[in-house]
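Since this is a predicted model, take the numbers as computed values, not measurements. Any value given below was found using the heavy atoms of this structure, including those in side chains, with hydrogens, waters and symmetry copies removed.
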Amino acid sequence: VVRMIAVGIIGMVISLALIPVFPNVWIWFPLRFALGFFTEMVFTAGDVWLNQLAQEKKRGMTLAVAGVFQHGGFALGPLLIGFVGTESWTILYIGIVVVLFGLLPLVLGRKAVVAMEGEHRARIFYFLKVAPVLMVAALMFGLIDESVLALLIVYGLRVGLDELAAGALLTSFLIGAVLGQFPLGWLSDRIERTYVITGCVAVTLVMLIALPFVVHDAVLRTIALGLMGATVGSTYMVALAMMGERFRGGELIGVTTSFMFLWALGSFVAPALSGGAMELVGPNGMPILAAGLSALFLILLFREVGNI
């Protein structure tokens with residue numbers, strides 16, 4: 001697993017380093033594909049490694065630490081671009097240095113590796129049968145998260161907010177995602193994790209329904225998007241904890257890989273779905289679509305809760 005993370009980091013660095021070498025948009029397409037491939041390799045192997053090492057009693061909090069850094073990076077990246085600018089390649093070189101720092105914990109934790117026994121295949125249809133909630137959670141998380149994130153600023157502009165206020169929508173969401181990790185991670189270590197995910201999706205649904213009505217009130221929209229960010233961001237973390245609780249060895253690799261594939265699939269199609277909804281019914285098509293997806297997911301979760 002550690003070797004896989006290292007390969008992914010080196011692949012990310014090479015992909016980024018080649019972008020200024022070949023300043024041609026057509027060459028950037030395969031480079032961007034390679035960057036996405038190696039990034040997902042790091043995400044998947046990193047999640048397996050964390051779950052492998054986490055103690056069951058503290059699994060939620062352990063994964064919450066990783067969630068804080070992950071969403072913190074999502075929040076700081078755009079801020080750094082705004083500060084450094086895009087007139088030169090400086091921001092890209094900074095990104096390469098940041099990615100290279102990812103090798104440091106691999107060196108420090110190289111002895112903290114446990115052998116992974118059993119079959120290591122991503123059997124998506126198998127895991128859909130034995131862990132349907134986790135697999136649907138992956139797809140729905142990708143769909144809901146990206147349908148909101150990808151067009152949240154555009155949504156703000158379309159409903160009449162200025163650029164600063166529209167940008168603050170995304171900032172509120174990401175700050176909520178960071179702040180929500182520890183309390184929900186702590187909660188997931190103390191009660192049934194399916195209950196935590198169900199509560200997260202329910203809060204997300206309520207906030208999405210409320211968004212069109214509060215978007216022009218600075219305080220209320222900040223609260224709504226902060227809560228939405230906390231619950232959407234923590235759904236991913238709690239689902240990972242559920243995988244680590246239930247699966248071991250090769251099966252943990254298989255279920256994590258299947259989970260990440262479905263998450264990536266949802267993330268890939270979500271912007272097009274969200275954009276299409278906005279074109280069909282106006283800017284509120286984005287929260288309406290995300291609310292509909294959340295409601296479908298909530299129905300499945302209620303059925304699962306009834307079986308506990």
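The distance from the CG atom of L63 to the CD atom of Q70 is 10.5 Å, given to the nearest 0.5 Å. Here the straight-line distance linking atom CE of M12 with atom OG1 of T39 works out to 3.5 Å at 0.5 Å rounding. Distance check, rounded to the nearest 0.5 Å: NE2 of H71 to CD of Q181 gives 5.5 Å. Here CG of L139 is found 10.0 Å from CZ of F259. Values are rounded to the nearest 0.5 Å. Note that CG of L227 is 11.5 Å distant from CZ of F173, once rounded to the nearest 0.5 Å. Atom-to-atom distance recorded for L211:CG and L220:CG is 11.0 Å, nearest 0.5 angstrom.
Within the 4.5 Å cutoff, the side chain of M243 has no heavy atoms near those of the D47 side chain. With contacts defined as side-chain heavy-atom distances shorter than 4.5 Å, the pair C200/V232 does not qualify. Under the 4.5 Å side-chain criterion, counting only non-hydrogen atoms from C-beta, L225 is not in contact with L170. You'll find the side chain of R221 stays beyond 4.5 Å of the side chain of S172, heavy atoms only. Considering only heavy atoms from C-beta on, F43 stays 4.5 Å or farther from I5 through its side chain. Residues F247 and F127 have side chains in contact (heavy-atom distance under 4.5 Å, counting atoms from C-beta outward). Side chains of R3 and L106 form no contact here, defined as non-hydrogen atoms less than 4.5 Å apart. In this structure, L252 and R246 have side chains that are not in contact, with every pair of non-hydrogen atoms separated by 4.5 Å or more.
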Using the side-chain contact (heavy atoms from CB on, under 4.5 Å) rule, take V148 and L208 through it: C-alpha gap first, then chi angles, then the decisive distance, then the call.
CA-CA 9 Å; V148 174; L208 285 165; 4.1 Å; yes
Checking M140 against D145 for the side-chain contact (heavy atoms from CB on, under 4.5 Å) test, could you report, in this order, the C-alpha distance in whole Å, the side-chain angles of both residues, the deciding distance, and whether it holds?
CA-CA 8 Å; M140 287 297 185; D145 188 43; over 6 Å; no
I197 vs M242, side-chain contact (heavy atoms from CB on, under 4.5 Å): CA-CA, chis, key distance, verdict:
CA-CA 10 Å; I197 288 186; M242 291 173 68; 3.5 Å; yes
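M41 CE: more than 12 foreign heavy atoms inside a 6.0 Å radius.
Judged by distance alone, the side chain of T231 and the main-chain N or O of M228 form a donor-acceptor pair under 3.5 Å. Panel note: side chain W28, backbone F22; a donor-acceptor pair is recorded below 3.5 Å. In terms of modelled atom types and a separation under 3.5 Å, the side chain of D189 and the main chain of G60 share a donor-acceptor contact. The backbone N or O of W186 lies less than 3.5 Å from a partner atom in the side chain of R190, making a donor-acceptor pair.
Among residues two or more places apart in sequence or in another chain, the side-chain contact (heavy atoms from CB on, under 4.5 Å) test is passed with T198 by T194, L298, L301, F302, V305.
Between the side chains of T204 and S294, no donor N or O sits under 3.5 Å from an acceptor N or O.
Ring geometry for F141 versus Y236: interplanar angle of 30 to 60°, hence tilted. Ring orientation note: the planes of F33 and F37 are close to parallel, at an angle under 30° on the 30°/60° scale.
Using a 4.0 Å cut-off between a side-chain N of Lys or Arg and a carboxylate O of Asp or Glu, R193 and E304 do not qualify as a salt bridge.
Y155 and P283 get closest at one heavy-atom pair: CD1-O, 3.1 Å. Closest approach of G156 to L169, counting heavy atoms only: CA-CD1, 3.6 Å. Nearest heavy atoms, G8 versus F38: O-CB, 3.4 Å. The nearest pair of heavy atoms linking M61 to F182 is SD-O, 3.4 Å. Contact record, R59 with N51: NH1-O, 2.8 Å, taken as the closest heavy-atom pair. Looking at every heavy atom in both residues, P212 comes nearest to P287 through CG-CG, 4.1 Å.
A continuous path of Ile, Leu, Val, Met, Phe, Trp and Tyr side chains, each step under 4.5 Å between heavy atoms, connects L289 with V154, placing both in one hydrophobic cluster. A chain of hydrophobic side-chain contacts below 4.5 Å, direct or via other Ile, Leu, Val, Met, Phe, Trp or Tyr residues, connects V159 to V219. One hydrophobic cluster, built from ILVMFWY side chains closer than 4.5 Å, holds both L128 and L293. A continuous path of hydrophobic side-chain contacts links V13 to I19 [ILVMFWY only; heavy atoms under 4.5 Å]. Under the 4.5 Å side-chain heavy-atom criterion for grouping Ile, Leu, Val, Met, Phe, Trp and Tyr, L92 is not connected to V97 through any hydrophobic cluster.
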Would you list the atom pairs, donor with acceptor, under 3.5 Å between side chains in residues 261-282 and any protein atom, with sequence neighbours excluded?
from, atom 1, to, atom 2, distance (Å)
S267, OG, W263, O, 3.0
S274, OG, S147, O, 2.9
E279, OE2, R158, NH2, 3.3

